[in-house]
Student: 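Just passing along the structure, written as structure tokens.
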Amino acid sequence: MENNTFNSPTLLLEGLKVTSDNFYPVFLFFFFSYLFIMVSNAGVLVLIWLEQSLHQPMYILFCNLPINDIMGNTIMIPRLMWDMLVQPHERLIGYSECVVQAYSTHMFGTMSNNILIIMAFDRYVAICNPLRYGSIMSRRMVMWLTVSAWAVAFFLVSILLGLTIRLSRCRSLITNPFCDNASLFKLSCESVVANNVYGLTFTVVLYTFSIGSMVLTYSKITVVCMTSKSKSLNTKAFVTCSTHLTVYLIMLGSSMLIIFLHRFPEYSDYRKIASILFHVIPGGLNPIVYGLQSKEIRRFLSNMFIGKQKVWPSI
């Protein structure tokens, strides 16, 4: 497809540059990664839904994370694997489908931050105001935090993509393995100053608020733990906060790597791989981290798979 088609309804994806020697390892990596992400995240959702003891604000808020991981990876990985199976000139995608994929990709990144921000608030209330935790983190508050997180992401990403779809297109080649906002507005020959300014402002505000919220929250939690003589409180804070902080650092590290590689055009291939791993790594590690470090989830799994095997009473 020529890369000079005006407002073409069909676009061509560059896809991944995979050699014949690396095709099977790369394809199988994405296949099993996607399979694991679907099974593990869906399993966590079902587990929280079935187990009454997990119907707590922390786990209800956490449910947003596997939902986001499932949606973010489903919109990208199957399409990526399909493009690996066809010839480069056959990697065609409709403009509307490309916009939907770009929208979902940016919703995934924005929601990853928003979900961890509201979960940080939950940890702050639980540790710094334990006596008021039940009244503050009511069902209404949990619903309000969840709706607010999705609504803010929807609003910000809608503006981001709205500024792009208004542009006419004079190119049709997406120089990326999947569609995102930058790849779409680069198809235009018009001025994209507004897109660059809003995109940069969006990124700076999102990560400034995200990092600032984490620093403020964990600073206050640290102060409370250092001044508290309760060993049980400190142990609870360490377990729950280390889980949340680990998940956040995985997400932040993955996204910062992409932003860093954007500054070096000569490493564009590495940036493309990093942008894919930004979906895959958190989506695969999040259920593992919460599953291994959550006492309630470990207890439930232990009772399910081990408890039934105990037929002799303890002496």
Side-chain angles (χ1 to χ4, degrees), residues 41 44-45 47-49 51-69 110-153 206-256 282 285-303:
N41 283 283
V44 168
L45 287 173
L47 177 62
I48 294 174
W49 181 64
E51 178 57 28
Q52 191 71 29
S53 65
L54 298 178
H55 294 180
Q56 305 172 26
M58 179 178 72
Y59 293 108
I60 295 174
L61 292 175
F62 171 72
C63 283
N64 289 284
L65 210 53
I67 291 172
N68 188 50
D69 288 334
T110 307
M111 278 305 301
S112 295
N113 279 277
N114 290 357
I115 293 167
L116 292 170
I117 289 172
I118 61 177
M119 289 179 68
F121 174 75
D122 171 76
R123 292 301 82 206
Y124 166 75
V125 176
I127 295 168
C128 299
N129 294 280
L131 298 180
R132 297 184 57 204
Y133 180 74
S135 60
I136 295 176
M137 295 303 298
S138 61
R139 181 175 298 181
R140 183 176 181 180
M141 173 61 78
V142 171
M143 182 63 67
W144 184 85
L145 289 172
T146 300
V147 172
S148 297
W150 285 95
V152 168
L206 177 65
Y207 283 100
T208 298
F209 186 74
S210 173
I211 296 172
S213 298
M214 295 299 159
V215 171
L216 181 62
T217 299
Y218 280 101
S219 295
K220 292 188 175 183
I221 290 175
T222 302
V223 171
V224 169
C225 291
M226 291 180 64
T227 57
S228 173
K229 297 180 180 180
S230 172
K231 185 177 180 180
S232 61
L233 174 65
N234 293 341
T235 301
K236 178 183 178 182
F238 174 78
V239 172
T240 59
C241 291
S242 62
T243 304
H244 174 264
L245 193 57
T246 300
V247 170
Y248 179 77
L249 290 176
I250 291 170
M251 183 278 300
L252 184 64
S254 302
S255 57
M256 288 296 108
L285 291 182
N286 289 346
I288 295 177
V289 173
Y290 264 87
L292 292 178
Q293 295 198 25
S294 168
K295 181 178 66 176
E296 289 83 359
I297 292 179
R298 289 203 313 271
R299 183 188 299 124
F300 179 84
L301 293 176
S302 177
N303 292 337

Student: Of all heavy-atom pairs between Phe62 and Val44, which one has the smallest distance, and what is that distance?
Tutor: CE2-CG1, 3.4 Å

Student: To the closest 0.5 Å, what do you measure between CG (Leu252) and CD1 (Ile250)?
Tutor: 11.0 Å

Student: Is it the case that the side chain of Ser210 and the backbone of Leu206 share a donor-acceptor pair, with hydrogens and angles ignored and the cut-off at 3.5 Å?
Tutor: no

Student: State, with a plain yes or no, whether a side-chain heavy atom of Asn114 is found less than 4.5 Å away from one of Met111.
Tutor: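 A side-chain contact exists here, since the closest heavy-atom pair is under 4.5 Å.
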
Student: Between CE of Met214 and CG of Leu249, what distance do you get to the nearest 0.5 Å?
Tutor: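 Reported to 0.5 Å precision, the distance equals 9.0 Å.
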
Student: To the nearest 0.5 Å, how far apart are NE2 in His55 and CD1 in Ile48?
Tutor: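 Reported to 0.5 Å precision, the distance equals 8.5 Å.
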
Student: Looking only at heavy atoms, what is the nearest atom pair of Met58 and Asp122, with distance?
Tutor: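 Distance-wise, the nearest heavy atoms are CB-OD2, 3.4 Å.
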
Student: Can you tell if the side chain of Phe121 reaches within under 4.5 Å of the side chain of Thr217, non-hydrogen atoms only?
Tutor: no

Student: Let me confirm one number: the OH-CD1 distance from Tyr218 to Ile127, rounded to the nearest 0.5 Å.
Tutor: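 Spacing of OH (Tyr218) from CD1 (Ile127) equals 7.5 Å.
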
Student: As an exercise, state the distance from CD1 of Ile117 to OG of Ser148, rounded to the nearest 0.5 Å.
Tutor: 12.0 Å

Student: If you apply the rule side-chain contact (heavy atoms from CB on, under 4.5 Å), what do you find for Leu61 with Ile115, and how did you get there?
Tutor: CA-CA 7 Å; Leu61 292 175; Ile115 293 167; over 6 Å; no

Student: Does Met137 reach the side chain of Leu145, with side-chain heavy atoms less than 4.5 Å apart?
Tutor: yes

Student: Taking C-beta and beyond as the side chain, do Gln56 and Tyr133 meet within less than 4.5 Å on heavy atoms?
Tutor: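 No, every pair of side-chain atoms sits at 4.5 Å or beyond.
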
Student: Would you say Val224 and Tyr124 make side-chain contact, with heavy atoms under 4.5 Å?
Tutor: no

Student: Below 4.5 Å, heavy atoms only, C-beta onward: do Pro282 and Val247 meet side chain to side chain?
Tutor: no

Student: Just verifying a value: how many Å separate Leu285 CG and Ser254 OG, rounded to the nearest 0.5 Å?
Tutor: 8.5 Å

Student: Using every non-hydrogen atom in the two residues, find where Asn41 and Pro287 come nearest and quote the distance to one decimal.
Tutor: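 Looking at all heavy atoms of both residues, the closest pair is OD1-CD, 3.8 Å.
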
Student: With side-chain contact (heavy atoms from CB on, under 4.5 Å) as the test, would you mind laying out the steps for Tyr248 and Met119 before giving the verdict?
Tutor: CA-CA 10 Å; Tyr248 179 77; Met119 289 179 68; over 6 Å; no

Student: Do the side chain of Asn68 and the main chain of Asn64 share a donor and acceptor less than 3.5 angstrom apart?
Tutor: no

Student: Check step by step if side-chain contact (heavy atoms from CB on, under 4.5 Å) holds for Ile118 and Val142.
Tutor: CA-CA 9 Å; Ile118 61 177; Val142 171; over 6 Å; no

Student: Given side chains that start at C-beta, do those of Leu116 and His244 come closer than 4.5 Å, heavy atoms only?
Tutor: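 A side-chain contact exists here, since the closest heavy-atom pair is under 4.5 Å.
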
